[in-house]
Amino acid sequence: MDRRKLPFTIITIVVLVLLGITVQNVMNSWSLERELMGPNIEAAPDAVTPETPHTTEYRTFPKIGSRVAIWIVAQLHLMFAAFVLAVPMFALIIEYIGYRNGDKKYDKLAYEFTKLLSVSFSFTATLGAMLTFMLMILYPKLTNYLIGIFSWTFFPYVLLFFAEAGFLYSYYYGWGKFSPKVHLALGLGLNIVGTAIMFIANAWLTFMNSPAGINEAGQLVSMWDAINNFTWMPINIHRILANVAFGGSIAAAYGAFKFLGATTEEERAHYDWMGYIGNFVAISAFLTLPFAGYWLAKEIYAYSQSLGIVLMGGTFSWLFIIQAVLIGNLFLAANYYLWVSMERIDGAERFKKFTKYLLAAIAVCFLVWATPHSLVASVEEARSMGGSHHPMLGVLGVMSAKNTAVNIMILTTYISFLLYRRGNKEPTVSWSRTGNLIQFSIFAVVISFVIFLGVYGYFVDTATRVGLSVPQVLSVLFAMVSVTAIDVFMYKNAKFKGEMRWGQIPARAQYALFFLAITFTWLMGLMGYVRAGLRQHWHVYGVMRDTSVDAFTPTLGFAAGVVSVTVMIFFTFIAIVFWLAGLTGKKDWEEDKQLETSSGLLAEEA
Amino acid sequence: MDLFGISFLGLNVVPIILVIAGLVALRMFFNLNTLAWMAAWWVGLYLMLSNGITVPLPGSIVGMFMGIITLALLVYLTTSGEDLEATKDFMVKFFTDSRYSPALLAFLVLLPSLVAYNVYTGMTQQPQAPVFGRTIHPPPPTDITFKGKKIDLVNDDNPYRILKETDPDAFAAHVANGRKVYYQNCVNCHGDDMGGNGMFAHAFDPIPASFKDPTTIAMLQESYLFWRIAKGAPGLPDESTPWSSAMPAWEKFLSEEDIWDVIIFLYEYTGYEPRAKEELH
Ligand code: HEM
């Protein structure tokens with residue numbers, strides 16, 4: 001066997017075995033949980049009676065039950081949809097950059113990204129249809145109710161879907177066939193339509209979490225209010241950003257995959273660059289996510305304290321510990337990628353001495369970011385702490401500390417990018433010393449300010465404390481914008497100290513890209529569960545109760561199991577997409593060629 | 001005098017100084033390679049976390065922190081290609097070069113001994129109550145029935161709070177009543193300074209909430225407290241099991257007004273403000 005393929009084979013086998021074990025475990029614990037918790041659900045009367053009373057409220061799904069079935073299909077649909085929406089966004093931007101600077105390389109890259117789209121698009125649609133049918137079959141009462149509320153949004157949805165298909169295929173197949181301007185316009189249309197589709201779908205699902213626009217009996221009063229409910233805009237924004245981050249990371253993983261399998265220098269250089277760009281896109285969007293996330297959480301709190309407490313203080317708070325660990329890992333891996341890849345930049349050695357300190361900053365912030373608010377402690381440990389809050393850690397477990405930590409992690413990652421960018425460049429402007437000094441002072445002042453606000457947060461009431469996160473965010477944004485602006489001018493006409501050796505990136509950086517993609521996907525699955533699970537025993541929060549046997553909050557381990565299985569299925573599908581996308585680049589099959597090479601091989605062996 | 005007990009800012013000074021001194025000594029007197037150096041850091045940080053903090057951290061936290069630290073050290077070890085190569089070379093030499101045979105032998109003895117020691121301490125420990133991931137602030141229902149009356153936890157607010165502005169004297173009377181309610185009913189558990197350290201406190205698991213802690217009443221709305229006080233531990237939702245809280249359900253003993261009053265008193269005494277209801281748009 002080809003030695004290069006060995007790691008892949010091993011990884012595949014390991015993944016398959018893990019998948020088997022996980023599925024087995026999940027199934028076992030699921031039947032146990034249903035037995036223990038299912039029948040205990042008290043069936044309370046609904047606040048609403050659907051207009052057309054249905055005889056069947058629920059149907060069951062064999063073996064895994066309706067809830068898990070819908071859960072997995074919905075999550076898979078979301079992941080593909082996220083990918084299909086995100087890739088056109090940065091493909092278009094990259095195409096535009098190529099159009100402006102005339103470098104063919106960008107155009108080629110944008111096309112390469114787009115190639116991943118068409119198969120994914122069919123997957124998305126198929127999974128979407130499956131989700132719809134399953135909703136109708138398994139949850140007829142709920143589906144009926146939602147259709148009653150949102151009936152008029154379904155037509156534009158379907159029409160937009162048509163338009164999406166039109167734009168997508170003309171954008172993809174029309175590559176190089178239209179004038180660049182027309183082609184860019186097609187891409188723009190694709191993005192606008194895609195975003196509109198997502199906004200409509202978001203209205204349905206956010207309505208389930210924070211219903212609005214209905215009267216006490218649950219009947220529709222105002223369609224617009226139902227759409228523009230409390231969490232609609234925050235989720236729209238959070239999803240756009242998260243989708244771009246996720247899509248970028250998957251595209252980067254594609255680059256890494258092709259890089260590791262590449263045989264020529266040229267290919268390696270190309271895919272190294274592709275991985276870098278994908279990762280750049282992912283991390284840029286990722287850095288804005290904490291802010292969007294806090295806004296979302298704040299809106300959930302504003303809608304209902306109960307929901308807010310379920311989210312951040314109750315059972316689900318444990319999921320946020322997992323979230324924090326994943327996010328900390330994302331920061332570590334993103335920076336790791338940059339540091340390792342600086343090895344292929346001649347001249348970047350001079351920045352090596354800084355990595356230690358950047359790493360230390362990230363590690364410390366990671367510790368703070370992941371410190372739980374309430375600790376898992378044995379009775380004895382709790383006694384010696386004098387409560388469930390450790391006197392020192394209790395301080396780190398609250399929002400002020402976490403906001404501060406995440407802001408500093410963001411700045412640190414930004415600094416890594418800055419150093420990467422400077423790697424092989426030396427400024428030629430006369431004021432470069434002053435420039436550096438100013439940049440340094442901006443960082444110093446902003447970091448002190450962020451820490452000061454974090455500490456100050458302990459001395460004020462909750463509402464003010466939540467408000468403090470705004471100046472924190474603004475000052476971080478200010479630092480990034482102003483330092484970038486100075487840098488752009490300072491490095492104009494910079495002298496090159498050495499080469500950027502694309503293609504010579506160490507393989508371990510590529511594995512970091514895989515790690516990023518998997519972590520993002522897992523995070524997405526986890527948070528999707530948080531959003532849906534938050535409603536607990538409600539289909540539509542406070543309006544329509546879930547009276548099915550599955551109306552309980554599963555254990556954390558079980559939820560994590562389902563998320564893991566979903567992620568593995570997703571990557572299996574994505575592998576198929578990668579493989580199909582790779583086919584276009586392959587040479588055509590020819591009978592004699594085939595014979596020739598095999599006889600050639602035989603001859604060689606003999 | 002117990003040298004290890006000297007504490008400053010919540011830290012045990014002596015172990016921390018020893019660890020730092022140890023690391024400095026390693027740096028000065030030995031020419032360690034990156035791998036050994038990382039191992040030294042790992043051990044040093046572990047010792048600091050497990051012994052350097054006056055009120056010991058729970059094992060679960062030490063475990064999590066060490067996990068993160070391990071990751072960070074691995075990142076450090078593998079970031080630089082040179083270091084990585086040197087580490088690989090060293091490992092190969094360690095296992096093959098006769099110069100390292102004694103060390104290898106020691107390593108081969110030490111590693112299983114450590115495992116054995118760990119197993120031994122694990123098996124000989126006093127049995128302990130199992131550890132639960134306790135949810136301090138379980139999700140409240142949207143409404144509750146209090147003595148036959150429906151109380152909406154989402155929209156209702158403390159009816160007497162407004163008196164603070166409109167009628168300070170009446171408000172003072174509510175505070176006074178709250179004080180009475182507190183010292184008649186709650187003090188034995190929640191403590192005379194509200195620190196969660198009343199007379200009975202240490203008989204319970206979980207121990208009573210400390211209202212001085214910024215993560216209890218300071219971040220909750222009054223309606224949430226009303227629910228917790230009225231329904232106590234028995235009223236906690238299924239989702240929050242396992243739960244063995246001793247918090248009584250006060251609806252059987254106190255009137256609605258008494259409960260709102262004691263809530264006011266909790267805030268007045270500690271100086272915290274209840275979490276405000278956010279503006280609806
Ligand atoms: C660095 C910080 C964060 C990252 C990387 C992140 C990432 C993500 C991702 C990838 C998703 C899936 C999006 C999708 O389904 O399209 C998501 C959804 C979500 N996030 Fe975040 N997030 C972050 C911060 C937060 C914070 C601070 C909160 C609030 C406490 C939050 C709450 C949520 C919720 C409730 C969802 C589900 C919404 C939905 O179904 O789309 N996130 N997040």
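Order of the sequence lines sets the chain letters (A, B, ...), proteins ahead of strands, with each chain counted from 1.
Comparing B:Phe65, B:Trp227, B:Tyr272 by heavy-atom pairs within less than 4.5 Å of chain A, the highest count is held by B:Phe65. Contacts with chain B were tallied for A:Ala370, A:Ala363, A:Pro506, A:Gly328; A:Ala370 has the most, counting heavy-atom pairs under 4.5 Å. Of the listed residues (B:Leu84, B:Ile53, B:Ile69, B:Ile68), the greatest number of heavy-atom pairs within a distance under 4.5 Å of chain A belongs to B:Ile68. When the candidates B:Leu71, B:Leu11, B:Thr78, B:Leu57 are compared by the number of heavy-atom contacts under 4.5 Å with chain A, B:Thr78 comes out ahead. In terms of non-hydrogen atom pairs under 4.5 Å with chain B, the most contact-rich of A:Leu367, A:Ile362, A:Leu307, A:Val340 is A:Leu367.
Between the side chain of A:Asn329 and the main chain of A:Val325, a donor-acceptor pair closer than 3.5 Å is present.
With respect to A:Glu343 and A:Lys352, no salt bridge is recorded, no charged nitrogen being found less than 4.0 Å from a carboxylate O. Ion pairing of B:Lys88 with B:Glu85 is present here, as a side-chain N (NZ or NE/NH1/NH2) and a carboxylate O approach within less than 4.0 Å.
Heavy-atom distances place no part of A:Ala512 under 4.5 Å from chain B, backbone and side chain included. For a residue to count as touching a neighbouring chain, one of its non-hydrogen atoms must lie under 4.5 Å from one of that chain's; by this rule A:Leu332 touches chain B with the side chain only.
In this structure, A:His537 has its ring center no closer than 6.0 Å to that of A:Phe552.
Relative ring orientation between B:Tyr46 and B:Trp42 is described as parallel, the plane-to-plane angle staying below 30° on a 0-90° scale split at 30° and 60°.
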| Step-by-step side chain to side chain contact (heavy atoms under 4.5 Å, CB included) determination, B:His190 to B:Phe211 | CA-CA 8 Å; B:His190 288 284; B:Phe211 301 130; 3.4 Å; yes

